[in-house]
Every structure is written in C-alpha cells, then in structure tokens.
Amino acid sequence: MTEPSSDFIRTLTTRGFLHQCSDVEGLDAKARAGNLVGYVGYDCTGPSLHVGHLMSIMMLHWLQATGSKPIVLMGGGTTQVGDPSGKDETRKVLSLEQIEANKNSLKATFSRFLHFGGDGAGASMRDNAEWLTPLNYIAFLRDAGRHFSVNRMLSMESVKRRLERDQELSFLEFNYMCLQAYDFVELSRRFGCNLQMGGSDQWGNIVTGIDLGRRMGTAQLYALTCPLITTASGAKMGKTAAGAVWLNADMKSPYDYWQFWRNTEDTDVGRFLKLFTMLGLDEIAKLEALGGVEINEAKKVLATEATALLHGREAAATATETARRTFEDGALSENLPTVLLEAQAFEGGIGILAAFVRAGLVGSTGEARRQVKGGGLRVNDVAVTDERAVLTSDDLGPAGVAKLSLGRKKHVLLRPE
C-alpha cells in the first residue's frame with residue numbers, strides 16, 4: 001500500500017498491529033476524514049479478560065487517540081451461544097446471571113485504556129443482548145438468514161477444524177457467525193459504526209458481517225485484524241505454566257503482572273514495547289538497541305509501562321520497587337503475592353511439595369518433586385533438598401510469613417489465617 005495518510009492507519013502500521021484489512025486505502029481515507037467509528041466484541045465467558053485480549057484493546061485505544069470513536073461491544077447475547085473459533089469442543093453454557101456478573105466485572109478494564117464520554121471521540125459500551133434477545137426467529141431468518149450461504153459457512157476455518165477432527169459442532173454454535181455478522185449491521189444502523197476489528201482468527205466472521213451489511217443495505221463497512229501474537233520461542237502470548245495472564249488484579253496481582261512482562265524474551269522486547277505501551281517510537285528504538293545485560297533495563301521499562309497502563313502508575317511503581325528489593329537487595333517485601341493457609345496446617349505441618357502447590361507456584365506435587373531435584377525450590381531463600389520436608393510454624397519469619405520461591409523470579413508469601 002501507499003504511505004498511510006491517516007494517523008490511525010500510520011500508527012497501526014508502524015507499531016505492528018495491522019495484519020489484514022478489507023480495503024486499507026478506503027479505511028485510511030475514512031479515518032483521515034474523521035468519519036470512522038470502530039468496534040471490537042468481547043463475550044462474557046469469564047470475570048476477566050487476559051493478555052491475549054490486549055491487542056484488540058490497544059487497537060481501540062489508538063483508534064480513539066487518533067481522533068475516531070471506539071465502541072466496546074459486550075456479548076451479553078452471543079455469550080449465550082458460544083463462539084466456535086479456536087475451540088475444539090462446545091463451550092459450557094452459562095446462566096444469564098453468570099453472564100451479567102461477568103459483564104459487570106469486565107467493564108472496569110476498558111476504562112484504563114479508553115475515555116468514555118459524550119464527546120465526539122468518547123468511547124461507548126454496548127451490549128448485543130439489546131437487539132439479539134428480542135429477535136423474532138422467523139423474522140430474522142427471513143430478513144437476514146436468507147443472505148448466508150451454508151457452503152461458505154462450512155468453509156470457515158472454525159467450522160472446518162471441528163468437522164475434520166470429528167468433533168461435535170452444535171447448531172447453536174453454527175449460528176454464532178450469523179449473530180456476529182448481524183451485530184455489525186445493527187451497530188452500523190444504530191450508531192454509524194463502519195469498522196470491526198479483532199484478531200486474525202476472527203477474519204472470516206468479520207468479512208461475513210461486511211457481506212451481510214452490503215446485502216442488507218448498510219453503508220460501506222470495513223474489516224481490520226491484528227496478528228495473533230506468539231513469543232520468539234513460539235509460545236502463545238499470555239500462556240504460562242501457571243495458566244492465563246489475567247487482567248483483573250484479584251486474579252493476577254500487579255506484581256505478578258509486572259513480572260510477566262519483565263520475563264519477556266530478549267528478541268520480543270522491542271515488538272512488545274510498540275504493541276503494549278504508549279511510549280514513542282523514538283524512545284522505543286533506543287531501548288530496543290540495548291544489548292547484552294542492558295536489555296534487562298528495557299524489560300523493566302516494558303514491565304513498568306505495561307503495568308501502569310492497566311493498574312495505574314502507583315501500582316506499577318510499587319511492583320518495580322518490590323522486584324528491586326526482592327532481587328537486588330534480597331529483602332522480604334510485604335508487596336509480594338500472599339496466599340492464606342489455615343493456621344492448623346502450619347501447626348500440624350504441611351508437606352513441602354503440597355505447600356508449593358497451595359501457593360500456586362507449581363501445578364502438582366510431581367512438578368514440585370522435579371523442581372526439588374533440579375534445585376528450583378526455596379523456602380525463606382534456602383534451597384529445598386528433601387522432598388519429604390514439612391513446613392511448620394517454625395518456618396514463619398518475624399513478619400509471620402514463609403517466603404516460597406520458584407527459581408529466582410517467582411515468590412509467594414504463605415501466611416496463616
């Protein structure tokens with residue numbers, strides 16, 4: 001493509017967000033003219049989003065930062081159906097009460113990245129249950145259903161994968177792409193939305209919405225996707241041995257979140273600074289150029305900026321200082337993640353392997369046993385050498401806690417309740 005003329009497309013291109021676009025020149029012109037309204041949809045399958053959602057959230061941020069209007073679409077309706085994209089089995093059906101509770105829990109995350117308000121570029125939050133719940137099924141089939149080709153739907157990657165593996169795809173899930181396409185049409189009609197963004201795995205669903213809009217007489221619609229991020233070693237972004245990296249502080253503490261970014265692989269630092277912070281490209285270039293042990297300073301900047309963006313500058317500063325005291329001074333910090341354990345467990349003694357499982361540092365006693373053999377577990381900074389050892393109240397230090405460590409960078413305080 002030619003050099004972008006809009007700040008929006010230029011930003012997404014230079015920072016590494018742009019993967020696919022249905023009409024990049026047309027979208028560039030629309031953004032330059034100030035007539036762009038874009039959305040990303042999020043189903044309410046759990047109480048927290050995870051790091052894998054950050055790409056699309058940051059695209060909404062840059063859409064607003066460059067003068068256009070973002071819409072966050074909550075899937076109060078589509079969550080009742082379940083998106084088959086990237087899934088090998090039918091998603092668990094949630095109650096309406098669970099969906100509503102999850103939706104309310106997710107809302108706070110977006111306020112960290114977007115400004116909500118009534119001005120021209122103020123973000124808005126909508127729920128597709130508003131138009132999906134009252135749908136008359138017969139009327140929907142007549143007005144929208146006749147525009148969908150089953151042949152084309154069967155060719156979608158999310159459907160093909162299930163069928164090729166002989167894994168059940170329910171009729172309920174098969175309808176998901178119809179509802180997502182209809183969301184795009186409704187957002188266009190109600191709010192003038194003309195752009196849907198998402199991960200590259202959503203490309204088929206998004207362009208289906210463009211096609212439905214064309215058939216149902218909307219204005220021109222656009223699709224834009226970002227790449228699905230993997231680390232330099234090929235791991236899926238946000239997937240760790242301990243599970244997903246959640247964005248809610250009660251599910252992943254700011255300190256652990258900071259540590260996740262601090263542990264970024266050397267070759268990913270520059271790319272992640274562009275994608276997951278708001279630092280200027282000139283400053284990022286300087287950090288990216290650091291070599292040898294100095295790259296660790298760039299990792300600390302990445303960790304601090306990413307944490308500040310989600311949890312606030314104060315929480316990021318506290319996490320940074322906690323890490324410094326823990327790793328550089330060797331001190332015990334009260335800001336380390338704390339896990340409460342019943343007092344009688346300490347009084348009677350709890351097996352060292354079970355203690356590390358309860359602390360969430362390992363997934364099983366078998367994994368803990370392997371770590372002991374490799375010298376990877378420590379209690380109060382002393383290596384665990386006997387897998388039959390027992391943790392008792394004698395191991396509680398002056399602060400009334402026991403510090404459990406996995407390697408050099410993962411620490412948890414066990415405290416009796």
Side-chain angles (χ1 to χ4, degrees), residues 47-55 57-58 61 108-113 229 231-233 235-279 283-284 287-288 290 293-339 359-362 376 378 381 401 403-415:
S48 175
L49 299 175
H50 54 73
V51 162
H53 292 105
L54 275 182
M55 287 285 284
I57 296 174
M58 290 301 293
H61 164 80
T109 297
F110 295 100
S111 63
R112 291 288 188 182
F113 299 86
I229 298 298
T231 65
S233 60
K236 191 173 181 180
M237 179 68 180
K239 295 295 184 181
T240 68
V245 179
W246 301 108
L247 301 187
N248 282 19
D250 59 345
M251 296 175 68
K252 189 76 170 179
S253 72
Y255 173 80
D256 280 341
Y257 190 76
W258 189 96
Q259 279 295 331
F260 166 76
W261 293 106
R262 171 63 180 81
N263 292 333
T264 295
E265 296 178 40
D266 291 2
T267 51
D268 286 327
V269 174
R271 183 167 58 123
F272 287 1
L273 282 165
K274 292 175 184 175
L275 293 172
F276 303 116
T277 79
M278 292 186 288
L279 293 177
E283 186 173 355
I284 290 174
L287 292 167
E288 196 174 10
L290 296 175
V293 295
E294 287 186 331
I295 194 66
N296 289 323
E297 296 306 312
K299 292 182 182 182
K300 292 176 185 177
V301 172
L302 169 63
T304 300
E305 292 301 315
T307 304
L309 196 54
L310 177 64
H311 295 298
R313 185 63 62 181
E314 183 177 346
T318 299
T320 304
E321 177 60 15
T322 299
R324 188 193 67 77
R325 293 189 62 207
T326 302
F327 304 132
E328 297 176 14
D329 297 347
L332 178 65
S333 174
E334 294 181 357
N335 292 309
L336 287 172
T338 299
V339 173
L361 289 169
V362 294
R378 284 175 292 131
D381 297 320
V401 297
K403 178 185 175 186
L404 273 58
S405 305
L406 171 63
R408 293 181 59 252
K409 297 180 178 179
K410 293 184 178 294
H411 309 273
V412 168
L413 303 181
L414 273 188
R415 186 188 302 274

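Sequential numbering from 1 along the given sequence is applied to the chain's residues. Values below: every heavy atom of this structure, side chains too, minus hydrogens, waters and symmetry copies.
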Heavy atoms, side chains only, cut-off 4.5 Å: are [X] and [Y] in contact?
X	Y	value
Tyr257	Val51	yes
Thr338	Val401	no
Ile229	Met55	yes
Leu54	Leu310	no
Lys410	Gln259	no

### Task
Measure the acute angle between the ring planes of Phe272 and Phe276, then classify it against the limits of 30° and 60° as parallel, tilted or perpendicular.
perpendicular

For [X] against [Y], the heavy-atom pair lying closest together:
X	Y	value
Ala323	Trp258	CB-CZ3, 3.4 Å
Leu414	Ala359	CD2-CB, 4.3 Å
Lys252	Val245	CE-CG1, 4.2 Å
His50	Ala244	CB-CB, 4.3 Å
Val269	Ala298	CG1-CB, 3.8 Å
Arg112	Leu309	CB-O, 3.5 Å

### Main-chain N/O of Leu279 paired with Thr277 side-chain donor or acceptor, under 3.5 Å
yes

### Query
Are any side-chain N or O atoms of Thr264 and backbone N or O atoms of Trp261, one a donor and one an acceptor, separated by less than 3.5 Å?
yes

### Counterpart residues, salt bridge (Lys or Arg N to Asp or Glu O under 4.0 Å), relative to Asp256 (two or more places apart)
none

### Salt bridge flag under 4.0 Å for residues Glu305 and Arg313
yes

Say you draw a straight line from [atom1] of [X] to [atom2] of [Y]; how long is it, rounded to the nearest 0.5 Å?
X	Y	atom1	atom2	answer
Glu321	Thr304	CD	OG1	11.0 Å
Leu361	Arg378	CG	CZ	11.0 Å
Glu288	Ile295	CD	CD1	8.0 Å
Leu290	Lys299	CG	NZ	11.5 Å
Arg271	Lys274	CZ	NZ	10.5 Å
Leu247	Ile57	CG	CD1	5.5 Å

